[in-house]
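Predicted model only: the values in this text are computed from it and were never measured.
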Amino acid sequence: MNINKKTVIAPQIIEDVCEWAIMHGVAFRQADNTAKHCPLSIAPMTIEREVYAHLRRVVPLLTKLISNVAEDPDFLQSSLSDMAKADPFFGRLMALHQQIHGTATHPLDPARQPLLLMRTDFMDDRQYGAKVIEFNGIAAGMAPFGQRATEFHAFMQRQWPETYQSWLEDAAAIPAENEGLTQLANGIVTAATQIKADFNEQGSPVFLMVVQKNEDNVYDQHLLEIALQQQGVRTVRRTFEQLSAQLITGPNQRLILDGVGAVDVVYLRAGYQYSDYCAPELNEAVCCYTLSQMRVFIEQHHVALNATVGQQLATSKTMQMLLTMMPAQEYVRWGVTLEEAQLIKSVLAEMKPINTDTIHWFNTEAIKSEWVLKNQGEGGGHCVFGDDISATLAKLTVAEYDAWALMQRLYPHERDVPTVAIRDAKATVVNDLVSEIGLFTAYFKGQPVTDLDGYAGYLIRSKPASENEGGIHSGKGILDSLVLID
């Protein structure tokens, strides 16, 4: 298709897109405190209704499984011990986990109430169908942006119908409803209300969001806070450093925030990387000890918490690999039926541990384009592809092997027609756009807490197939939404 990229989208449309995004909070904060719109697609991706329904069925089961694995401390400690020795950050998490839960011979019973707000990311592979890329159990953000992207495409359909239709793959496609922001807020309100009732207290529940210093993704977070405030929940934001001087214990293991009062829900949008706990001014002999101890302190209180350290461990890449390698029958120990276990197993892509045998196999027999090398990092930019895998493997020491895993690389369907990405107030035609589908779920104390059996909306991030990294922050990704075809 020969397209003039300079004239394909009228300047007035680009202006409308950028202003709509800023007005609706679909933006990142810049260093000078201005806002910059998130990159957006001009029209949504198309998916078969049957595929979408399949993912809707399986994702609550995955969440149920992960929720129960996260509350199995002995299994986490035994199965992840080698990975914890190979990855210093996860070694720290495992030490915190043992502080919280004790050992198999001397177990402890933490007071916190687990609130699992999870996003499971999928790609619809051309050959193997929809498969899990990864689980996100801590700081699983952008549900508000997911809902806003769906609303943005509805705006485009009304405001610029000819442009919208011209970039749509199938004119008969129906938008997939997306209440990511609404459902996530409802789940949090349910948990907050229950904690408040446990103490027979009146008044507004309090929601504490733990954030990073100099956070740029504040608008996604503030959209959630506004939705909670509209339901009568007071919201406050603190870093781990601030909390180290402001959290205290009240009667009956009530968590108290100095200057605010009792806290009902703690939601971590930080804590998945060392820098979130780093406080050089403390001059600690053990890096990050003081701030990471805030995780232990919080879990010793009767508060709804996402993410518990157990949830963070249960959604690690190594746990994903271990679950993938297990027979489906073994999942039954965590509260799913054999039929449910087999459905879960069907969406898990093949993964392999890193050892001398795997490295020899990869270098001599594997088709390198069919694999991706992953470490335990969160937040994008941690994957190694193609010929770079062998070079990375060659640099690893034996002690580092268990921090890494090979995973089957997924190749999703490219769109049948080109689309337009609006980034930095400029329009670019993309001929090979592929999409990653993130489905949100919300479970409290192992039970679903949304109107949709635990399902809580979706986030679509699309990117050119030629690009490896599809993050909105760290890659070439753009926000997108779904339309369904039969």
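Side-chain contact annotation: Gln293 with Tyr277, donor-acceptor N/O pair under 3.5 Å absent. Side-chain atoms of Asn136 and Asp121 form a donor-acceptor pair, as typed in the model, at a separation below 3.5 Å. Side-chain atoms of Gln246 and Gln242 include no donor-acceptor pair closer than 3.5 Å. Between the side chains of Glu151 and Asn178, not a single donor N or O lies within less than 3.5 Å of an accepting N or O. Using modelled atom types, one finds a donor on one side chain and an acceptor on the other under 3.5 Å when comparing Gln229 with Thr235. Between the side chains of His153 and Ser41, at least one donor N or O sits under 3.5 Å from an acceptor N or O. No hydrogens or angles considered: nothing links the side chains of Gln221 and Glu225 as a donor-acceptor pair under 3.5 Å. Ser316 and Thr318 form no side-chain donor-acceptor contact under 3.5 Å, judged by distance and modelled atom types alone.
Remark: side-chain polar atoms of Glu467 are not paired, donor with acceptor, to backbone N or O of Pro464 under 3.5 angstrom. Within the 3.5 Å criterion, the main-chain N or O of Phe28 finds no donor-acceptor partner in the side chain of Asp216. Remark: side-chain polar atoms of Arg254 are paired, donor with acceptor, to backbone N or O of Val263 under 3.5 angstrom. In this structure a side-chain-to-backbone donor-acceptor pair under 3.5 Å is present from Gln147 to Thr182. Using a distance-only test at 3.5 Å, with no hydrogens or angles considered, no donor-acceptor pair links the side chain of Arg56 to the main chain of Tyr455. Looking at Tyr443, its side chain does come within 3.5 Å of a backbone N or O of Pro60 through a donor-acceptor pair.
Evaluated for a salt bridge (Lys or Arg N to Asp or Glu O under 4.0 Å) with Glu436, the options Arg119, Lys131, Arg461 yield exactly one hit, Arg461. With respect to Tyr272, the side chain to side chain donor-acceptor pair (under 3.5 Å) criterion is satisfied by exactly one of Gln212, Gln376, Gln312: Gln212.
Taking both residues in full, the closest heavy atoms of Ile66 and Ala314 are given as CD1-O, 3.6 Å, listed atom of the first, atom of the second, then distance.
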As a quick check of understanding, evaluate ring pair (Phe, Tyr, Trp, His ring centres under 6.0 Å) for Phe155 and His24, giving each step before the final call.
CA-CA 12 Å; Phe155 161 80; His24 289 84; 7.7 Å; no

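In summary, Glu215 and Arg269 do not engage in a salt bridge, as defined by a charged side-chain N under 4.0 Å from a carboxylate O.
Atoms CG and CD, from Asn186 and Glu179 in turn, are 8.0 Å apart once rounded to the nearest 0.5 Å. To the nearest 0.5 Å, atom CD1 of residue Ile195 and atom CG of residue Leu305 are 10.0 Å apart.
Counting only residues at least two apart or on different chains, no salt bridge (charged side-chain N to carboxylate O under 4.0 Å, His left out) pair has a member in residues 21-35.
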